[in-house]
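We use all heavy atoms of the structure for the numbers below, so side chains are in, but hydrogens, waters and symmetry mates are not. Naming: A, B, ... by sequence-line order, numbering from 1 per chain. What you see is a predicted model, and the numbers here were worked out from it, not measured in a lab.
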Amino acid sequence: MRRVVPFIVLIAVVAVLNGWLDQRFYVRVLTLSVVWALAGVAWNLMAKAGQISLGHSAFVGIGAYGFTILLRGGGTSPWTGMAVGMGVAAAVALVIGLPTFRLRGFYFTLATISFPLILELLVSHYGDPELTVPFHPESEWRFMEFSDSHTYVWVGLGMLVVALAISELIDVTSFGFALRAIRDNEVLARAVGIRTVAWKSAAFMISAALSAAMAVLWVKAVLRVTVAEEVFGITVVIVMLSVAFVGGVGQTWGPVVGAAFLIPLAMFLDDSIGESVPGAQELVYAAALVLVALLIPRGILPAMEKGCRRLAMWPRPSLEQAGPSLLGRLAAPPPRPSPLLRMPRRSPRSRLPQPSDTPVLEVDGVAKSFGANLVLSDVAFSVDAGRRVGIIGPNGAGKTTLFNIMTAHLQADAGRILYKGVQVDRMRAPRRYELGMSRTFQVPQGFHLMSPLDNVVVAAIGAVMPDPVAASMAMLERVGLAEKALGELSALTTAEIKSLELARAMVSDPDLLLLDEPLAGLNETERIRFFATVDELVAPHTAIVVIEHSVRSLIQYVESVVALDEGRVIAHGPPEDVVSNPRVIEAYLGSRWMERARDR
Amino acid sequence: MVEFLQFLVPGILIGGVYALLASGLGLIFGVMRVVNFAQADFMMLAMYLSWALFAGGVGLDPFLAVPAVFVLFLVLGMAVHWLFIRFVIGKRENHDAQVILTIGLGLIFQNLILIRYSSEPRVVAPSYANAGDFIGDIFISRVRLYAFLLSVLVAALLFLFLNRSRTGRAIRAASENWEAATYMGIDIDRTNRIAFGVGVALTAVGGSALVTFQSITPFVGFRFVVVMFAAVVLGGLGSVSGAFVGGVLIGIIQSVSQVWTSAAVKNVWVFALFLLILYVRPNGLFGKVQRAI
């Protein structure tokens, strides 16, 4: 219901305005507001994954040229032309996206600029820089040739509602979770099974198709002629950016708010002073971008939400009367029940069978160097199902690098990783997670814009669980975080963050659990409790590998220890043997200490 | 072969100017990790200033105006940093704000100039604008040669500034590791401000050099913005010397491509190369460059 209300408001407002406004100019303002809201919604789909594209005019141009060429060539209906243009735009988005999505941050934004520029130059030079759209009065609907300009507003409203519905649908399904996770922390998203390139490509294709659809309406209702410089031009992108950022970047309803605010403002200004001030429209967009960047970088919608919450908090409750007053309850952020995610997406991939005579993990001759710095060389050991192995070694011994190679965050220079007897070196991080490898991080990682519950839900989605929310909630209860499940990540203590990391790593019921310095930052009681919690959570078949500096706590927990020094295995065996091994003591304490110990 | 050289030589000459334009962008990114989308609009502003000084009664030769342009844009750049840029530096979530802030500032510059001077193209034609010399069969335009020599001179001065002066060393330290630089007592805000001013001034001088053979409109910057990015990425994002080499290479490619395809699509080659470098060697042609100099 909460999600339907904005749709009703939007339809009602546009319907009233469309029925009431009569003057040509006002209908034009309304039409363009709808067109740019639609464009902004399309652009914003990519922003949900944190990707700022400056190349969306490529898709607008493809949509505009596509339908114009078909209409001129064979009298094809603009509706068919729209469908074709959407298909071509989506295909181009896929081709562009696959290499481009390997680039992060600035590099992605930079790369996207050049696509519309290339297309515009090629179309202008080898094609036609300008194509008139032929007039087809014989059928209003078939040729989108409405004699009443109000009809374009109705068509635009219909398209906008569809686009918004798609955007909402993305928000509430695992698709939206994946995109938000990518925006928040892409490395972590890959570590919990989110196939980042696939999700980003899907969002980019939908976004491109909607942009192409918007182009047909824009040309038919307003431009009436397809000009390469205009449809491929940077101004398209600037208006998309403006409406999306002003309203709320990545927010479904952001562009609608942004367009409702900016487009009429720009057009009225242009109408009143445009004669003497030629750049008035662009100045509105420019000023909006600058002000939003400096004042409310996340847009009007989130700023309003925050403002409302603050207003309801006022006057500030003092410490004595901090009880749940009515105002206080209004002010509390609404507990967001994670949306239903039971949409059958794909069946869980069957995990590899565990052959009884094969270890879960075999590390075979792994080597890695960063430049001239040799970090690992010829590391080999294996872990049997259900066993617990510790990895110790001084700082810089290569322990975390070894983990990163196991989970595909780094590629080894030589050697093999076998998981249940299968070589996994060529598999990427999300695939290894799906197969049952799971890890925590030395520096705890999290999706900071999500609640603790949603942090675990992402991992459950990555593991293709049938009911991710229920599984995640159950896991949070088991680690004792149920009460904080819907709070903010920043409110958790170090110990709670460690528990959250554990819950996230355990929700997929892994066959191999890799814990990277789980005890760092914990006090004595928390340390003891941590391993007890791990024991409660893991299934008997799960093998555990722990990197830990606190050797005393570690040797009480594990069954065997691998000692690394300067990238080599210097000892491997039962904990007592390894810690009394002279080479290990030397590695930790230096040779002088050894001599002194011997003298005694 | 002669035909090839006829394109290669002007390519190198214009490439020198691209190098100067790009070195400013590279310096700013290197020091404060801000991709300044308004950089080419500072160039546009400098071109209008040169035009105003030349055509507006003073009759100042654009090459002689360079010191004034440099100082004025140093101050303008520092002011823009102080007024706007410093608020969006640092944190990762500021990335979006940097993009829209610099795009918005560039748009404001364009449209203010449009309001003041209209979109009519302006040209600066000193008496020697069409002069040139033949070396063998190859014609070398006087203004392009001067522009190239100016760029080389400014590059040399930039090198001296970054390596010899205290401020220059502070800028290099900040670009290498700004956190460590703060521990060494370097005032990072001041360093950023100066770097932004110098970066803007370098690009502005490049604009002054261009003005004798490039007509000026309020939107001329857009034609150069991707060329500048391409040069910077080619040389390794954040490396000033890399940006310089990248600029020369872009000039050569743009010019020599005319042997095969029409001049109208010469920038397609530049953009395609830009993408190729991003995909294949995102750290630039010269490998792992993370430093500014």
Side chain / backbone / both / neither for Leu54(A) at chain B, heavy atoms under 4.5 Å: side chain
Side chains of Leu101(B) and Leu289(A) in contact at under 4.5 Å (non-hydrogen atoms): no
Leading residue by heavy atom contact count with chain A [cutoff under 4.5 Å; candidates Phe271(B), Tyr279(B), Phe222(B)]: Tyr279(B)
Reported CZ-to-CG distance for the pair Phe84(B) and Leu294(A), which is rounded to 0.5 angstrom: 7.0 Å
Toward chain B, the part of Leu117(A) with a non-hydrogen atom under 4.5 Å: both
Within 6.0 Å of CZ in Phe261(A), more than 12 heavy atoms from elsewhere: no
Closest heavy-atom pair and its distance - Asn111(B), Gly279(A): OD1-CA, 3.5 Å
Atom pair CD1/OG of Ile115(B) and Ser276(A) - distance to nearest 0.5 Å: 8.5 Å
Max heavy-atom pair count under 4.5 Å with chain A, selected residue of Leu275(B), Leu112(B), Val225(B), Val99(B): Leu275(B)
His125(A) and Thr261(B), any side-chain heavy atoms less than 4.5 Å apart: no
Chain B contact via Ile238(A) - side chain, backbone, both or neither, heavy atoms under 4.5 Å: side chain
From CG (Leu283(A)) to CG (Leu107(B)), nearest 0.5 Å: 8.0 Å
Euclidean distance, Gln98(B) CD relative to Thr109(A) OG1, rounded to 0.5 Å: 10.5 Å
Engaged part of Val226(B) at the chain A interface, taking heavy atoms whose separation is under 4.5 Å: side chain
Crowding at CZ, Arg86(B) (>12 non-hydrogen neighbours, <6.0 Å): yes
Pairwise distance OH(Tyr107(A)) to CG(Leu278(B)) - rounded to 0.5 angstrom: 8.0 Å
Shortest non-hydrogen separation from Ile108(B) to Ala286(A) and the atoms involved: CG1-CB, 3.4 Å
Close side-chain approach of Pro297(A) and Asp96(B), heavy atoms under 4.5 Å: no
Shortest non-hydrogen contact from Ile118(A) toward Ala272(B): CD1-N, 4.1 Å
CG on Asn267(B) to OG on Ser114(A), rounded to 0.5 Å: 11.5 Å
Contact origin within Leu121(A) toward chain B - heavy atom pairs under 4.5 Å: both
